[in-house]
Structures are given as C-alpha cells and as structure tokens.
Amino acid sequence: MTAYTVLLKLKNKAEACSEKSQTDSDWNRTWYTANPDLTQCFQNTVLVWVPCVYLWLLAPFYCLHLYCHDSGRIHMSCLCTAKMVLGFLLASFGFVEFFYILLERSQEIQQHMVFLLSPIIRSMTVILALCIIQLERIRGCRSSVFLFLFWVLAVVCSLVPLRAKIQLAMDEVCTRISRKPRGAERFTAKTTVNLVFNLLQNPCPVKDASFLSKILFWWFTGLVVKGYRTPLAAEDLWTLREEDTSNKIISELQEDWTAECDVSSPEAQEKALASGAALGSRLPDQAQLLRKLQKEQSSGFFLFRTLVRKFGPYFLTGTLCIIFHDAFMFAIPQVLSLLLGFMRDEDAPLWKGYFYATLMFLLSCLQSLFNHQYMYTCFTVGMRVKTAVMGLVYRKSLVINSAARRTCTVGEIVNLVSADTQKLMDFVVYFNAVWLAPIEIVLCLFFLWQHLGPSALAGITTVILIFPLNGIIAKKRSKLQVKIQMKFMDGRIRLMNEILNGIKILKFYAWEKAFLEQVLGYREKELKALKKSQILYSISIASFNSSSFLIAFAMFGVYVMQDDRNVLDAQKVFVSMALINILKTPLSQLPFAISTTMQAVVSLKRLGKYLCSEELKVDNVSKTPLGSGKKNGTFGWSAEGPPCLKRINVRVPRGSLVAVVGHVGSGKSSLLSAMLGETEKRSGCVTVKGSVAYVPQQAWIQNATVQDNILFGREKLKTWYHRVLEACALLPDLDILPAGDATEIGEKGLNLSGGQKQRVSLARAVYRKADVYLLDDPLSAVDAHVGQHIFDKVFGPKGVLRDKTRILVTHGMSFLPQADLILVLVDGEITESGSYQELLGRHGAFADFIHTFANTERKESAIQRDFSFMKLTFGIFGLLIFSRGDTTNTNLQNMEPVTEADQEQVPEDLGKLTEVDKANTGRVRLAMYKKYFKTIGLAIIIPIVFLYAFQQGASLAYNYWLSMWADDPIVNGTQIDTDLKLTVFGALGIAIFGTTVAISICGIIASRQLHMDLLMNVLRSPMSFFECTPSGNLLNRFAKEIDAIDCMVPDGLKMMLSYVFKLMEVCIIVLMATPFAAVIILPLAFLYAFVQSFYVATSCQLRRLEAVSRSPIYTHFNETVQGASVIRAFGEQSRFILQANDRVDFNQTSYFPRFVATRWLAVNLEFVGNGVVLAAAILSVMGKSTLSPGIVGLAVSHSLQVTGILSWIVRSWTDVENNIVSVERVNEYADTAKEASWSVDGSSLPLAWPQKGTIEFMDYGLQYRKGLELALKGITLHINEREKVGIVGRTGAGKSSLALGIFRILEAAKGKIFIDGVNIADIGLHDLRSRITIIPQDPVLFSGSLRMNLDPFDTYTDEEVWNSLELAHLKTFVSNLPDKLNHECSEGGENLSLGQRQLVCLARALLRKTKILVLDEATAAVDLETDTLIQSTIRTQFEDCTVLTIAHRLNTIMDYTRVIVMDRGHISEMDSPANLITQRGQFYRMCREARLV
C-alpha cells in the first residue's frame, strides 16, 4: 500500500488514536477475532518508535563504553562497505517518503503529523546506526550485541505492519503494484540484510565471534567437526584467552590474598600480644596459640572472600542469566494453561492455538539459551578458580617453612590441587541453587495455590517433610565424605607417593605385600565410608524421584476430598503437574547444592589452612655487604621443638674455605640450612654477602636433560660450561651417555648412579658463579680418587672456586689441612674452631680423632678411579628401546659401551627416557565398558535394568490414569468415583519407589577391583617401568582417575538410566496422543544421534588430552616440593612459577573446549527437544476436534520435560563416556611387562633356605635388551659359604649387574645362578628376595613408625629390634626420642639425617640376618668413624654369612677372602687380595693408584 492509501484509511478512523471509547473495538480487532490485527495507530507509532527509542536512549552510554575500551582500528572491509551502502539507501528512502507526503498530501496529514514524522525518525535512526558501525570499527569492536538487538527489534516490529499490509492487499484482491517502495517493507528488507551481515562475523574463536554465535556456541562448531574427522591433538586446541591465563589471574589474586592475610592478622593483635607479655611468659604463648587456631579456622573464609572479590562480578552476569531462565521457566506453565483452555473452548479460533504453541516453543528456546549461558559462565569461573588455587598452592610450597612442610606430605599437596580444587569448581556451578532453589519452590507453591487453592498447602507439607530428611542426609554425607573418606584418601595417596619413591627398596626387600596391605587397608576404610555415603545419597535420590508423585497425590487428594464440587479437569491437573515438574529441579538441586557447599567449605578450610601456614621469614638471613657469618645464633626446625643449633658464633672471611666436621646427626646440615634461612631463627643474626649456590647432601635432580640440570635456567656459555664439566669429572660420563649432555635424566635421577647425581648437582652450583658456596658433603657419594680430583679442581686453592667463599661439610680427613677454618660440631654446638694446625695443637677431641683415623685416610688419598662413572648409564639405551615395546625386564645398571653399529640404529629421540603420558585417540573402546561391567557381574546388572523399566512403567501408568481422570465428564458440577480414582492413582504411584542403591553398590564393587588391579599391576612392574614412568602419571591414576571411578561413573550411570527411561516414557505418551508425531520425532531422533556422534568423538578426546596434560602438573609439584630448598637457594622461584603456570595453562587449553563442547551439544539438542514441544502442541491444535483436553495436557506437559531430559541425558552420558576414560587409563598398565611371580605354587623350598649361603654362577649372561651385547658374559663362579667377596672394577665393568642378577632385578639372558643348590629362576621373587639382604647406596625410609621401617611385617620382637639398633649404633639416639620405636618418621625420613637413615638400613639388614648379604657402597653418607664402626659390625655380626661387597673404598675389602675384578662383563681376575697383588695384574694397578701398595 502507498502512504496515500494509509492516510485515506486513517482519515476514516481519525479517532482511533485519540478516543478512549474505541478501546473495546480495538481489542475485538486484535484478540477477540478469527483474523487478528493491530490498530493502524499502534502499527505506525509504537512499532516504528520502539527500536528508534531503544537506539537513541542507549547510544550515548554505548559510545562512552566504546570510548573507554579501545582495541585498535579495524580496516574497512567489503562487508562493512556493503552495510554502509545499504544503510544510506534506506535512509534516503525515508527522506523521499517524507518529502512526498509533505508535498503531495499536505492537507490530509494536518491532523496526523505523527505519520509525517515516522519516516524522518526512522531515517535519522538508521544514520545513527551507521555512525555507530563506524565508531565500532575505529575502536576495534568486532561483534556488536547492541546493534544486533536493535536490528532484531527492528525486524520484529516491521513484520507486523508488513503482514497487515499483505493481508489487506489479499482482502482487496489488489493486483496493482505500487510505483514506489513502501517504508515498512524497505525497512524490513534493510534490517533483515543487516541482521544477516551481523551474523557473518568470524565465528572462531570466541573472542571474535558474533553475538548470536556466542549465545548459540556456533563458534565452537569448527573444532567439533575437526574432532569428528580426525582425533584431536594438543596442537589443534586454541590458546587460552588472556583473561584465563595463570599469569593474569594469579598476579592479581596474589595481591588480594596478601592483603587479605595482612588484614587477618592486624597490628592491633600484635600490640595486644606485646602488652600481654608483661604479665608473664605463659600468657603470650597461649595468646599466640589461640591466634594461630583462629587464623586456621577463619583462613577458609579469607580465601573465599579473596576469590569472590576477583571472580564475583563475572559470576554475577551468570546469575542474571539464571534469573531470566527462571522467568521463562515459570511463564511456560501459564501458556500451557492458556493452551488447555483453548482446547476446552470449542469456539476459540485456531490461530490462538498456533500462537500459544509458538509462544511455548519460543519460551522454551529462550529458557535453554539463558540456562547454557549461565552454565558457561559458571564453568569459566570454575576454571579460573582452579587456576588461581593451583597457583597459590604452588607459590606457597616455595615459601613454606620446615615445620609446616612436615605436617603436609607431597601426596596431600597433590590432593589439594586435584580433589579440593574440583570441589570448588562444583561449588561454583551449584552455589546459586542454594538461594535460588528456595525462591523457585515458593513460586511453584504460589502458582499451585492459584490453581488448587488451600490444597496446595498439602504439597507444602510434603515438601517440608522431604526437606529435613534430605538435610540430615546431606549433613551425614558431608561428614562421611570429608572427615572420613578424604582422610583415608589422603593417607592412601601419601603412602602411594612414598611407595613410588622407594620402589627399589620394596623390591630388594620383598616388601610389596606389606605395603600392599597398608594401601588396601586405607582403601577399604575409604570404600566403607563411600558405601555409607552412596547409600544415603541413593535414599535422597529415591525421595526426589518420587517427590512429584507424593506432592501431586497429597494435593489432588486433599483437593477432591475437601469438596465434591472440586473437580480435576485437564487444566488443573496438567498445569499443576508442569509446576510440580519444575518444583522437582530445585528440590533435587538443593540438597546437592548444600552438600557441595559443605564440601567446598571443608576444601576452603583445608586450602586456607595450607595457604596460611607458617612461611620462611625473610629476616632469617640478612643480605649485607659486610661479610658472611652468624652471631650468637640459636636455630630450630620448628618454633616449638628443641633447638638444632645453639650458641653459634662464626664469621667466615670472604674467599675462604671452611670445613665443617662432626659425627652423624651433630647438626652439620642444619648449619648450612640456617645460612640459607631454612631454619627458624630464635636468637642472633645471620648475614650473607652476595649470591648463594647450594649443593644438598642428597642430590636433587630434575626430570630434564643433563645440560638443563647444570644450566638451571641460565644461558649456556660454552667455554665455561665445558670447564665446569671437566672440573666436576663429568666428561667421561657424557662420552658414555647415549645423547651426551642432551640425555634425559629420569625422575629423581633414577638412571644415574649416586656419584653421578652428586656431580651433576655440584656442576649446577659451580656453573652459577655465585659469591658463597654451601656444600653439604658433596664428596660422600664419589670414590676417593674422584673426590680428590673434584677437591683439587673445584674447592681447593687451585680450583675454579678458589676466590669464592666455600663452606664444605665433609667426612674426608685428607681435605682438612687445606681448609682456612675448621668448625667441629657436637650436638648442635661448635665445640672447636680454627685452622688444621691450630686444632691439632690444642690436643682436643678433634686432634684425638685425627690421630686415630689419619692413617686410614692417608692410604686412601687417591683411590681407584670413579667406579660409579658408568653405573646406570648404558641402561638408558637399553631402556629406551624397551620402552618402545620390548618385554625384557631391565634395570639401568652397568652396560657395555654402545657399538657404532648400534648407534646407527638409534632413533632421533635417543636421549629420551621418560614416557610422556599419552592420550588414546577416538571413542572409548567397547572393551572398556565390558571391563567395567564385567567387574560388577551380569547377575546384578540385569535386575537393575528391569527395576528401572518397572519404575518407569508405573510412572507412565499413573500419568495416563491422571489424563483419564481429567477427561471424566462433570455431572452436576462433580465427578463420580473420585475415591476409587484417587486409590488407583496412589497405588500406581507407590510402585515407582525404585532404588538406586544397587548401582552405587555396583560402582563400589567395580572401583575396588579396578584399584586392586592397578595397584597389583604397578607393584608387579619391573624397575625399568618406574624409571621411564614419571611418578606424577602414576599418582594421577591413583588420585584423580580412581576418584572418578569411585564417584563419577556410578553417579553418571544412575542419572543416565533414569533419564533414558524417562525419555522413552515421554515419547510413548506423545505418540499415544498424536501418532502423527512419529513423522517429526523420528527425524529429530536421527538428528539427535547425528549431533551426539559428532560431539562424543571430540569430547572423549578432549577428556583424554585434559587428563594427559594434568599429570605434568603433579609431577612438577612433586619435584618442586622436594627441591624447594635448592630452588630457594639459587633464587629460581620465579622461573619455576612460570613453568608451573605453563603446565596449568596447557591443561586448561584442553579443559576449556571440553566444557564448551558440552554446552554446544546441549544448546543444539535442546532445540531438538523444543522441536518436540512445538510438534506436540501444533499437532494437538490441528487435532482439536478429535483429541480430549486430558490427553493433550498429558502429551504437552510431558513434551515440556524433553528439553530438560535431553540435557540431562547429554550430561550424564558425557560424564559416563568421559569418566570411563578413567577405566581406560587405569587399565593401561595391565598390558605392560611384569616381573616373574612373587611365589611359585607347590614350591618345595625349605623354610630355612639358604642354610649355607653358597652362590654358584654357571655360564651366566645378562643383557638389558634382546639384540644388545651382554652386560655379563659367561660368568662362571662359585662362592663358598661364609666367604667374604669384594667386587671391584672400572666404571661399567658389570659390578652392580652381578647384584642385580642375584636379586633377579634383571633376568638371566643365559646360564643359571644357584644358591645352596637351588636354581633361583625356579622360585618366586619374594621367596628369593626375602631370604637374602642388600644394604643399598640410597637409604630410603617411609612415613610411619621407626619400627615399621625396620620390620613392616611385625615378624620380630621388640627385643630383637632393639638389639639390631644397638649393633647399628642407633640405640642411644632412639632411646632419647620421646616415642622410642614408635617415633614417626616423616615422608622420606626427612626428620633423620642422611647418615642416620643409612644406619637404619644397616639395622634392617641386622634384623633380617640372612645367610647372604650384599653391600652396594652402603657407607657413603656416614663419617669415617661411623664407617669404621659399621665395617666392624659387619665383620662380627655377619661372620657366618656370605658377604658380597661392591667396593667403595678399597681398604674395606683388603681383608676379604676373595676379590673379583670385573672388566667389560667378564671376570678378569679372582683370588685373595694378597695373591692378586703378587700377580701384578689389574687389581695391583688399582691398589697402586690408591697408594695401598
């Protein structure tokens, strides 16, 4: 129509916009008609002005926003140019229309100026929109929500007049085409084009996606398609947005947390404490303790407050979305009520039915969109919280002091960053339900009151009865889960961490079963608590599954019994049922939200307690240019215990060499720790000038290349680097290593010998070029010859450190004369100090000691070359190939040098040792599901499925019964047989009381078996497995993956089964009502399956990638906690923090798309579900004449649940599919190579075997891998009973391989070993290893009592244990401990010195007292005096035993019966020491080098 025609029509109805009397006729035209339309006044004013007013009102604020946020100018594109051209065309059309009306029809419009203004307002608004487009381009805004909403509003408002004009044209059968374009049609065309243009923004990634792409998650489609075509790899994933990176999150949060911690302990408390000090010494102690307890209790709240400040504002946007979601959710039952009213009204026009159906569809779609925007926001916040907490915990682990560190093990810290962060992430998702669920419940009951009157109170009563039950259950579960289950889980993880760290000792001593029992003990207690928790949870779920029936039964029952005239029609029944179904969501969420909140509170307390634990004080050491020294210092490892150092007064001149000597446990290492600021300073002061480098007594080696370990973050200076390697005697080792200094060192230096580890640790310090060097007995693990070389080249007067300040803890007497100052420590005090000559001249304890041991030491001043050079070296090569599929059991001990032919076959990753945690590809194999269900058993699974089917069948029956009841005719205002109907309804409802307990029990059965299998597979793996598998990978399996199998898989299965059956029920009901719906439901089902198949492949792979990238985080945490003192000493905290950030960010790059994938699927599938709603409603309207209101109400009210059901099926199926990956990952180690069986059935081995201790090698050969040269070649040897045999040889000669062969750490390649005539290959490993004993080079203790460390099986009496301690020279020390034998050893035995740990290992051997004893350089960490005592103890106590000693000091084996000289895997010489010297062979040359001859 032309503008002129419009004006003519308006002239006839001039009063329409002004006269109130026309209101009724307007409504008759708009609503009460079969052909609805809006008035011309409304169409040409309100509908034109609404989008214009929106733009003009909000434009100033939006321009201000753009002015404040500049992202850089965007170049003019073709798309932008097209927008501008179209915009100017439309604006010009508006002006043309304005002038036409003004000039041609001026008389008709005098009374209606509004119609003249509309085109000009519209044109000016379009010009404003074009200006905003240009401003957005200049300010770098790629996607505009503001303009998108304007164009949508403009299109919607233009469609109504367009439709009216089309309808008018059809009514008048007008074929005339107007000579000029109509304003409304032009505006519709323009806005539609602009809307399309607005959607054509770059859809990936989210930063550049359009608004519509963001709300529908279309920007993610590219990754889903890519994941469907080929399995995703890490490089396919997007990098994190800046706001999600660790650096951005933690840098800001750290400041807030520091400020929060400062506020939590105000100076007022300090002043109060200071003023109380005058009252006596006890009051401040009590006040301090009280303050500490208060701080621990409130620390969780402080952490929560900090997180809220940081993430609260973004979280509130999600909260706004969930409020909109709830508004739409409650609008749907009201529209359903109107639809059912329409079905009952025979005279109602059909268009109203279609209108209600469409409105219901639109409301459902909007509900879905807002719900998933909320979930997206929550998961994003959860991800950021995880990053923040991990960062804070990691940073804390670098500054925590020794006392606090001993209260939390590595396993517990790993639990903080795995289990507790997960609890916080769950809390973020469900927190809003805590306050929103009660509001939703109140609204539901309010609307129910409107429909059923006071009868709704019956529903309230039912809710009130259900609530306390679930409140009690939630509280009980929280207590079980947190206080009991988590406690045992922490204990289990801690123990597993120690088992993995000390696995070599477990294998040597055959202690696997003892520790297996301990782990299973923790596991059983954990599962017992889990079982109780799951039973309670199942009761809770059962009450919720039946809650809708109970509420309906109570309300309908009271309603019909109250008055005969209270009839249940379709409108009352199904609107009430729709409201009850809404009510179920908050009812089910509330206890879960409360439970999650309770768990999060406990996790916050745990995290807060750790984050508020005591830190190392900055003033422990003051940096000053005056020099290095201590003044009247008293130090302790904790604030409460006895001091470890007392009255320390020492000043070290710059550039001097200070030697610190003393017995085991005298405080030598503590002295260095005090200089580093690692101990609590109680009095005095410590000053250190310049930078510090530190070499710990037990070398800390990273899982990195040799070069990376030495450079330790510094730039490589080639000349200096080579000089350091030469000085630290590492060049011969690098020549032998497969990839030289690019060879990867295993975790904790597993593939290096003790001497090599110590030299790498020393090289790291030397390379640093520091001012002060603190050297904690770095020469203990190396042979005397190498020790002398290092002293001369590094520490000595001509060494590379000659101008540096060096404080050297040592047991080597030969080095003392060259020291500028010697400090003698006894029980934490410096008893003597001075130069060597000064101390000798005083004739004190030091002088007596020197005179006693000088001869021994002098003889050994230049002992044989370093035997440990090649130890464990060639094993890297053997292991590398083994890790690529070989099944030979290997250990990284001596091997022959690699030949040129072998080297040619070496792959590019030659120096690689550890296996990265790999991700499988594709969907989870069916075998994993079979494995899981097989562990449960078919006899339990089938009844469960039948139970669910029966439960859903009963639900279908009672719903159908309700629809029949609703359709009952009303006679005289009443319905007949209401009592009977109510009884049948109640009987059918009671039948739905199924139980989910069975699935919970099944889950526990499966998880118990899978954990047992994992534990057995790991413990039965050979040493080579542990040397190439980082402990983080294994800990990840025992922590996160087992936790998922415990809880996530059964919960997912429970949910999935119930919702799958519920979906079947809905489809059956919809098909019963409208069989034609099958035409729509079937294609929708195929679409559902199609989209789901796209998603699952991507989701599973993302889950795997996320799990794989999680392991390096734990490994890095583990490594950092153990080497924190070294990292602090070198000042490398910031570099390690950056590495931790990178690992966390890498993990989040796969976690972010993983949760977005779920949202992408849910949004798409819920549109499918909304399609079912639309189909059911439209088909019901079409079949109005044949369908009863009852069946329509049943079909539509159930179809409304489809959206939620599909969403939950997706979520639960995804959870099952993703978490079944945990079964896959736990099962990975089932196929790795295993050791021989621990015991052989039907073995006839005598209990007292071996009685004599004879050992016979018959043509024995040993190799590290098939195809490699033998490491031991044709060894034929007979060792008699009670014989003492020393084994010596150059590096890589095969000394240690003999010991490994005897213990079957490596299996024979050929030949046999007989012990007392029994072939050791024919007996079980435990039968063998438990009957012979080794004292290893690295002393390993486990957390637990001292007695457990000596006798884990409790096979010996206390008297025998004390006797062994006395012989090991530990009785005095243990007797002085408060708990004696029950003294708790900390993780790794850290609360004992290295020498004391070595003596505990000796006590173990003395307690076992087997007929065969192997010593592998067992006295490296003890002082000379203790070494002499140990040697004498071995000679006396093992006099009637066969002793094999891999010699460390040649003088210790000079009185042995025989000496075996190994050379390149052969026995080159074998005789008594005296005879070998007279033969002047290889042994003679070694003795000559050691100046023993």
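Positions are given from 1, in the same order as the sequence printed here.
- Sorted by first and then second residue, the salt bridge (charged side-chain N to carboxylate O under 4.0 Å, His left out) pairs with a member in residues 1352-1362 read R1347-D1354, R1347-D1358; sequence neighbours excluded.
- In this structure the side chain of L1399 never reaches within 4.5 angstrom of the side chain of F1373, judged on heavy atoms.
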Go through the steps to decide whether M1470 and V1461 satisfy the test side-chain contact (heavy atoms from CB on, under 4.5 Å), and finish with yes or no.
-> CA-CA 6 Å; M1470 179 171 60; V1461 182; over 6 Å; no
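- Proximity of a side-chain donor or acceptor of K1273 to a complementary backbone N or O of H1466 within less than 3.5 Å is not detected.
- Between T1276 and I1467, the shortest heavy-atom distance links the atoms O-CD1, 4.3 Å.
- In plain terms, the two heavy atoms of I1275 and G1465 that are nearest each other are CD1-O, 3.4 Å.
- Side-chain atoms of L1019 and I499, non-hydrogen and from C-beta on, do get closer than 4.5 Å to each other.
- L1476 has its side chain out of reach of Y1484: every pair of non-hydrogen atoms, C-beta onward, lies at least 4.5 Å apart.
- With rounding to the nearest 0.5 angstrom, the CD1 atom of I1302 is 9.0 Å from the CD1 atom of I1334.
- Annotation: side chain of L1444 is not in contact with side chain of L1413 (no heavy-atom distance under 4.5 Å).
- E1384 meets the salt bridge (charged side-chain N to carboxylate O under 4.0 Å, His left out) test with no other residue; sequence neighbours excluded.
- Listed here is the closest heavy atom pair of G1324 and V1240: N-CG2, 3.4 Å.
- Applying the salt bridge (charged side-chain N to carboxylate O under 4.0 Å, His left out) test to residues at least two apart or on different chains, the pairs with a partner in residues 1364-1375 are E1366-K1371.
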Could you give me the CA-CA distance, side-chain angles and deciding distance for N1349 and S1345, then say whether side chain to side chain donor-acceptor pair (under 3.5 Å) is met?
-> CA-CA 7 Å; N1349 271 286; S1345 70; over 6 Å; no
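- A side-chain donor-acceptor contact under 3.5 Å links E1283 to the backbone of N1280.
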Per-pair distances, 0.1 Å, donor-acceptor, side chain in residues 1253-1262, under 3.5 Å, sequence neighbours excluded:
residue: T1254; atom: OG1; partner: D1316; partner atom: N; Å: 3.4
residue: T1254; atom: OG1; partner: D1316; partner atom: OD1; Å: 3.1

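- Between V1443 and Y1456 the shortest side-chain heavy-atom distance falls below 4.5 Å.
- R1331 is listed as a side-chain neighbour of P1250, based on a closest heavy-atom distance under 4.5 Å.
- In this structure, K1310 places its NZ atom where more than 12 heavy-atom neighbours from other residues, nucleotides or ligands lie under 6.0 Å away.
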Are L500 and V1018 close enough, and set up right, to give a side-chain contact (heavy atoms from CB on, under 4.5 Å), and what steps lead you there?
-> CA-CA 9 Å; L500 297 174; V1018 168; 4.1 Å; yes
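- T1457 places no side-chain N or O within 3.5 Å of a backbone atom of V1285 that could act as its donor or acceptor partner.
- Separating the CG atom in L1365 from the CG atom in L1407 is a distance of 8.5 Å, to the nearest 0.5 Å.
- For the residue pair T1478/N1475, the side-chain donor-acceptor check at 3.5 Å is not satisfied.
- Residues K1312 and D1322 are not in side-chain contact: their nearest non-hydrogen atoms beyond the backbone lie 4.5 Å or more apart.
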Show your working on side-chain contact (heavy atoms from CB on, under 4.5 Å) between K1411 and I1315 and close with a plain yes or no.
-> CA-CA 10 Å; K1411 283 291 180 182; I1315 295 179; over 6 Å; no
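- Of the inter-residue distances, the one linking Q1479 atom CD with D1471 atom CG reads 5.5 Å to the nearest 0.5 angstrom.
- Judged by distance alone, the side chains of S1021 and N1017 never bring a donor and an acceptor atom under 3.5 Å apart.
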Carefully, step by step, assess R1404 and W511 under the rule side-chain contact (heavy atoms from CB on, under 4.5 Å).
-> CA-CA 12 Å; R1404 282 177 188 159; W511 280 357; 3.4 Å; yes
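- Ring geometry for W1238 against H1326 counts as parallel: the plane angle stays under 30°, on a 0 to 90° scale with 60° as the upper cut.
- Remark: F1303 pairs with F508 by the ring-ring contact (aromatic ring centres under 6.0 Å, His included) rule, at least two apart or across chains.
- Other residues, nucleotides and ligands place no more than 12 heavy atoms under 6.0 Å from the NZ atom of K1252.
- The shortest heavy-atom contact between S1364 and L1406 is O-CD1, 3.7 Å.
- Residues that satisfy the ring-ring contact (aromatic ring centres under 6.0 Å, His included) test with W1249, not counting sequence neighbours, are absent from this structure.
- Within the model, atoms CD1 of I1460 and CD1 of I1453 stand 10.0 Å from one another, a figure rounded to the nearest 0.5 Å.
- Inspection of the S1468 and Q1482 side chains reveals an N or O donor paired with an N or O acceptor under 3.5 Å.
- Across all their heavy atoms, R1408 and Y1356 have their closest contact at CA-OH, 3.5 Å.
- Residue R1020 holds its CZ atom at 7.5 Å from NZ of K1234, rounded to the nearest 0.5 Å.
- Residues S761 and I701 approach most closely at N-CD1, 4.2 Å, considering heavy atoms.
- To the nearest 0.5 angstrom, L506 atom CG is 10.5 Å from M1023 atom CE.
- No salt bridge links R1304 with E1235; every basic N to acidic carboxylate O contact stays at or beyond 4.0 Å.
- K1284 contributes no side-chain N or O that, together with a main-chain N or O of R1435, makes up a donor-acceptor pair within less than 3.5 Å.
- Counting heavy atoms from C-beta outward, I1287 and T1445 have side chains that stay 4.5 Å or more apart.
- Between the T1442 side chain and the E1281 main chain, no donor and acceptor come within less than 3.5 Å of each other.
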Go through the steps to decide whether S1330 and Y509 satisfy the test side chain to side chain donor-acceptor pair (under 3.5 Å), and finish with yes or no.
-> CA-CA 6 Å; S1330 62; Y509 284 96; over 6 Å; no
